[in-house]
Trainee: 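I have a structure here, written as structure tokens, and I will follow up with some questions on it.
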Protein chains: 2
Amino acid sequence: MTVSNVINDHPHVRPATRQRVLEAMARLDYRVNVAARNLRKGRTGTIGLAVPEVNRPYYGRLAAALITAADRHGLRVSIEQTGARRENELAALSLSRNRLYDGLILATVGMGPADVGSLEVDHPVVILGERIFGGPVDHVAMPNVAAAAAATRHLIERGCRRIALLCGELRDEVDVSSLRHAGYRQALEAAGLPLDPELVLSVPSLTMDAAARRARALAADGPAFDGVFCVTDTVAMGALRGLADAGVRVPGQVKVIGFDNVDESAFLVPSLSTVDPDHDLMAERAVALLVARMGHEGRPAHQEEFVSTFSLVIRESTGR
Amino acid sequence: MTVSNVINDHPHVRPATRQRVLEAMARLDYRVNVAARNLRKGRTGTIGLAVPEVNRPYYGRLAAALITAADRHGLRVSIEQTGARRENELAALSLSRNRLYDGLILATVGMGPADVGSLEVDHPVVILGERIFGGPVDHVAMPNVAAAAAATRHLIERGCRRIALLCGELRDEVDVSSLRHAGYRQALEAAGLPLDPELVLSVPSLTMDAAARRARALAADGPAFDGVFCVTDTVAMGALRGLADAGVRVPGQVKVIGFDNVDESAFLVPSLSTVDPDHDLMAERAVALLVARMGHEGRPAHQEEFVSTFSLVIRESTGR
DNA sequence: TTGTAGGCGTTATCAC
DNA sequence: GTGATAACGCCTACAA
């Protein structure tokens, strides 16, 4: 017991005793057993983070920020890669409920509104993303519609009149593509520009490769266009590459704007205009919400929806 | 006890009993307590991964591959971000020894040869990186010298005669920059080309920003050059941007090659020639070595040094 | 100020 | 085939 008191810096230990304990610990190369401490305390000091893959630029950026934010609360982060698959996202929830983690930050990509029921758990969970609003847990999201409208408006202000949208498949109104599509439409309507369905370009996956192909095809034999709003910077990087392949000059003939402000976007040629959703703020809020839940037992009475701020970062790809 | 037998699929449980247990579990919403299981078993099923930051392209790629490889062994991965700082790398070692992790994969960036002593631990550790060779633990490394030589040779074969090296500070012969510098020199010597110290360009940090500045300065008023070997793709991305700022055409006037083959490099304009060090193989080996150590107690008798393979990926930036 | 008792939830062992 | 017992290492509560 005295050893425990020394380890945990409890007062009421005589300096001489403390010294003897420390010496013995050093001599025996003693290490506290974290598993035993966890069992006794009922907490592990670790939170789970479930994201599609840490190597994807946006999720990597977010994971880094979340690990840093968690560290400020004295928490470690264990990462599950879900591959954006619904079943893996549900599995992460299950692990968290097994008290492997004190709480879980879950990026819902594969799960959809129909899975809201799975979130009815007596365990701290914060949802990150667009797929689930109004669920039984706290939620941190991007200002998708407003930011997408701002990005589109920026293209209009720079003189674009036939603006394409490069997005994923528009399925159920609650994914990244659909929400940003809504913002794109809003901006066009507000400016009195027609919405040409031929300029809404869906790619099967939000990858550079798919985006590059689509951009090449559009430039080769698609309808005329003078601007592209890409739903992510990854898509925009692919688009820039595809347009270059087709001999289209950016921003001379076509202006391009992305979304996410990943580190690389400032160094592309041309550098990429984009939306900065303040990843650090989102990470900080997500961890703060989770920590608050970890304080009390049981299901929360009120859920918080935190929508981040954003700013436009104007670079060469929408220059004059 | 019978519950435990059911949960762990032990034989010798009568089907009817198993059924009753399963029903009770469902009724009570029973969850195994992983902390208690860890205490009892003396293992946590989690390994630690200490890297500078998951958001850096190379470490993100590696982390993703490691998480996937660990998953194949039924292990979770908890990530510590060290910021490349020696003290944080040592702290990760300490956590692992506290039995928080069953083992640790440690990317040594801040630690150096002088810290070999810290690795003398009775706990599974695999070192990843260049800083520590011949230590008391297993080690997975890139084929730095050979691959750097191959990259430089490629520039020579493409007609370059004044090849710059864009690297970090060359301090102690056992970091990424120094090892790749050695390969660069080897290739120049083998080709009978002079080694011009003015063409060895150190930047204070291996970032896009620092590289872009250095490339601009070189193009503006440095010595003449017709090729650049960049020690990482990140540095190469910065260099491409800096050269573009200075109005230098790539590959027309100057050819550029990087190292790492990060996802983005294929989509840059111009696309980036680079060295692919087979991240998946490195990750797979690192986890396999760690798992092997986790089998036995105590310090290993023999240490394994695994040096990955590599291949050149030729793209536009070194095209004719 | 120090030390004793007990229990966190699980599972290896062994008796029934 | 089932279950009682004990122990993994720690820390809260309380006694000395």
Side-chain angles (χ1 to χ4, degrees), chain A residues 1-46 48 74-76 78 94-103 121-124 294-298, chain B residues 1-46 48 74-76 78 94-103 121-124 294-298:
Chain A
M1 199 52 241
T2 301
V3 173
S4 178
N5 286 332
V6 169
I7 289 171
N8 297 292
D9 271 329
H10 281 287
H12 310 310
V13 178
R14 207 173 356 137
T17 313
R18 158 166 287 127
Q19 202 51 46
R20 275 170 54 221
V21 170
L22 290 174
E23 273 162 21
M25 279 173 41
R27 186 155 38 81
L28 302 170
D29 195 30
Y30 169 86
R31 311 268 148 195
V32 295
N33 181 319
V34 182
R37 176 178 286 174
N38 288 344
L39 174 60
R40 176 64 232 242
K41 295 207 165 188
R43 309 187 318 99
T44 63
T46 299
L75 294 165
R76 281 171 299 283
S78 189
S94 176
L95 281 175
S96 181
R97 297 167 75 190
N98 286 356
R99 307 174 156 284
L100 179 61
Y101 308 133
D102 293 341
V121 294
D122 286 332
H123 203 75
M294 283 159 41
H296 335 264
E297 281 303 299
Chain B
M1 199 52 238
T2 300
V3 173
S4 178
N5 286 333
V6 170
I7 288 171
N8 296 292
D9 271 329
H10 281 286
H12 309 310
V13 178
R14 206 170 2 135
T17 313
R18 157 164 288 128
Q19 203 49 46
R20 275 171 53 221
V21 170
L22 290 173
E23 272 160 24
M25 279 172 43
R27 186 156 38 80
L28 302 170
D29 196 31
Y30 168 86
R31 311 268 149 194
V32 296
N33 182 319
V34 182
R37 176 177 287 174
N38 288 345
L39 173 60
R40 179 62 233 229
K41 295 210 163 185
R43 311 186 319 98
T44 64
T46 299
L75 294 165
R76 282 171 298 282
S78 189
S94 175
L95 281 176
S96 180
R97 297 167 75 189
N98 286 356
R99 306 173 158 286
L100 179 61
Y101 308 133
D102 293 341
V121 294
D122 285 333
H123 202 77
M294 283 159 41
H296 335 265
E297 282 303 298

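Below, all heavy atoms of this structure are taken into account, side chains as well, without hydrogens, waters or symmetry copies. Every chain is numbered from 1, with letters handed out A, B, ... down the list of sequences. Since the structure is predicted, the reported quantities are computational estimates derived from the model, not experimental observations.
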Trainee: Given atom CG of Asn5(A) and atom P of dT4(C), what is their separation to the nearest angstrom?
Mentor: 13 Å
Trainee: Taking all non-hydrogen atoms of both residues, which atom of Gly45(A) and which atom of Asp102(A) are closest, and how far apart?
Mentor: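 Between these two residues, the closest heavy atoms are N-OD2, 2.7 Å.
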Trainee: Atom CZ of Arg40(B) and atom C1' of dA7(D): how far apart are they, to the nearest Å?
Mentor: 6 Å
Trainee: Rounded to whole Å, please give me the gap between NZ in Lys41(A) and C1' in dC11(D).
Mentor: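 In whole Å, dC11(D) C1' lies 8 Å from Lys41(A) NZ.
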Trainee: Check the distance between dA7(D)'s C1' and Asn38(B)'s CG and give it to me in whole angstrom.
Mentor: 16 Å
Trainee: Would you indicate which nucleotide in dC11(D), dT10(C), dG9(D) comes nearest to any side-chain atom of Leu39(A)?
Mentor: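 The listed nucleotide nearest to Leu39(A)'s side chain is dG9(D).
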Trainee: Would Ile7(B) and Val32(B) count as a side-chain contact (heavy atoms from CB on, under 4.5 Å) if you check the C-alpha gap in whole Å, the side-chain angles of each, and the deciding distance to 0.1 Å?
Mentor: CA-CA 9 Å; Ile7(B) 288 171; Val32(B) 296; 3.6 Å; yes
Trainee: Give, ordered by number, those residues of residues 7-30 of chain B having at least one heavy-atom distance below 4.0 Å to an atom of DNA chain C; if nothing qualifies, reply none.
Mentor: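 Of all residues in residues 7-30 of chain B, the ones placing a heavy atom under 4.0 Å from DNA chain C are Asn8(B), Tyr30(B).
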Trainee: Please round to the nearest 0.5 Å and tell me the distance separating atom CZ of Arg43(B) and atom CG of Leu75(B).
Mentor: 7.5 Å
Trainee: Give me each pair satisfying salt bridge (charged side-chain N to carboxylate O under 4.0 Å, His left out) with a member in residues 19-31 of chain B, each pair once, sequence neighbours excluded.
Mentor: Arg97(A)-Asp29(B), Asp29(B)-Arg31(B)
Trainee: So which heavy atom on Arg18(B) is nearest to which on Val6(B), and how close?
Mentor: CA-CG2, 4.0 Å
Trainee: For nucleotides 14-16 of chain D, print each protein N/O atom paired with a nucleotide N/O atom at under 3.5 Å, atom names and distance only.
Mentor:
none

Trainee: Please step through side-chain contact (heavy atoms from CB on, under 4.5 Å) for the pair Arg76(B) and Thr46(A), ending with a clear verdict.
Mentor: CA-CA 12 Å; Arg76(B) 282 171 298 282; Thr46(A) 299; over 6 Å; no
Trainee: Indicate whether OP1 or OP2 belonging to dT2(D) is found under 4.0 Å from a side-chain N or O atom of Thr2(B).
Mentor: no
Trainee: To check you understand the geometry: which heavy-atom pair defines the closest contact between Thr44(B) and Asn38(B), and what is its length?
Mentor: CA-OD1, 3.4 Å
Trainee: Under 4.0 Å between a side-chain N or O of Arg37(A) and OP1 or OP2 of dG9(D)?
Mentor: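 The answer is no; no side-chain N or O of Arg37(A) sits under 4.0 Å from OP1 or OP2.
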Trainee: If you take all heavy atoms of Pro124(A) and Met294(A), which pair is closest and at what distance?
Mentor: CG-CG, 3.7 Å
Trainee: Heavy atoms, side chains only, cut-off 4.5 Å: are Asn33(B) and Arg37(B) in contact?
Mentor: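 Asn33(B) does not reach Arg37(B) side chain to side chain.
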Trainee: Looking only at side-chain atoms of Met1(A), point me to the closest of dA7(D), dC10(D), dA13(D).
Mentor: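 The answer is dA13(D), which lies nearest to the side chain.
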Trainee: Quick one: Asn33(A) CG to dG9(C) C1', roughly how many Å, whole number?
Mentor: 14 Å
Trainee: Check the distance between dT10(C)'s P and Leu100(A)'s CG and give it to me in whole angstrom.
Mentor: 13 Å
